[in-house]
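So you know, we letter chains A, B, ... as the sequences are listed, proteins then strands, and number each from 1. Every heavy atom of this structure was used, including side-chain atoms; hydrogens, water molecules and symmetry mates were not. Computed from a predicted structure; not experimentally measured.
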Amino acid sequence: RKEVEQDPGPFNVPEGATVAFNCTYSNSASQSFFWYRQDCRKEPKLLMSVYSSGNEDGRFTAQLNRASQYISLLIRDSKLSDSATYLCVVTRNSGYSTLTFGKGTMLLVSP
Amino acid sequence: GAVVSQHPSWVICKSGTSVKIECRSLDFQATTMFWYRQFPKQSLMLMATSNEGSKATYEQGVEKDKFLINHASLTLSTLTVTSAHPEDSSFYICSARLQGQGYQPQHFGDGTRLSIL
């Protein structure tokens, strides 16, 4: 089983739509969880951390289910500029420094 | 905010050439820097963890003699791909982590696209 699994997509949605991405991770020792965004041929950029209680940042809502080892990202009112690949990232173990990246889910928002 | 600069952005060179990539933290001191590699449509894969003043820790399957890492100061780490071959063509990205207790985020450089002919 891969350490971090994501549906590669692409998810094609119209502007204004709501879209959700899911991710599962295999290492139960992982302590920190993140969603990164990566534009084509660019470096990944931190979108948001994911907390057990769930957290929201504007149009973005992240959820974590530790029991199921499952992470989600919800994007409301999609914008054209949201088109990117969304990477699910977890820390490798109980330490903080080593990150394990999923392959990413591609989102394409069309006019 | 924390800025990480990576140089060069693009490298195209002949097979057998050695290529050096620099990663600098511009406005903070980074005791730990990370080197990743990303092939097309693949995830970022950690190659090695670089600690200032000590030897890098390489991930399983990454040849330390092939990918030389030097982290001589708190603001600079270098990755040298020795005798590069076409299969080494990839997107190489570094990140730097701020000093401090608990979780400190990694800040990524903008990557180096390496093409070996």
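Judged as a side-chain hydrogen bond (donor to acceptor under 3.5 Å, both in side chains), the pairs with a partner in residues 2-14 of chain B (not counting sequence neighbours) are, in order, Q6(B)-T112(B).
Between chain A and the residues M45(B), K41(B), Q38(B), the most heavy-atom pairs under 4.5 angstrom are made by Q38(B).
Using a 4.0 Å cut-off between charged side-chain N and carboxylate O, R24(B) and E22(B) make a salt bridge.
In this structure, chain B has a heavy atom under 4.5 Å from the side chain of Q38(A), while its backbone stays farther away. Looking at L46(B), the atoms closer than 4.5 Å to chain A (heavy atoms on both sides) all sit in the side chain, from C-beta outward.
When only modelled atom types and interatomic distance are considered, Q106(B) and Y36(B) share a side-chain donor-acceptor pair under 3.5 Å. N51(B) and T32(B) share a side-chain donor-acceptor pair at under 3.5 Å.
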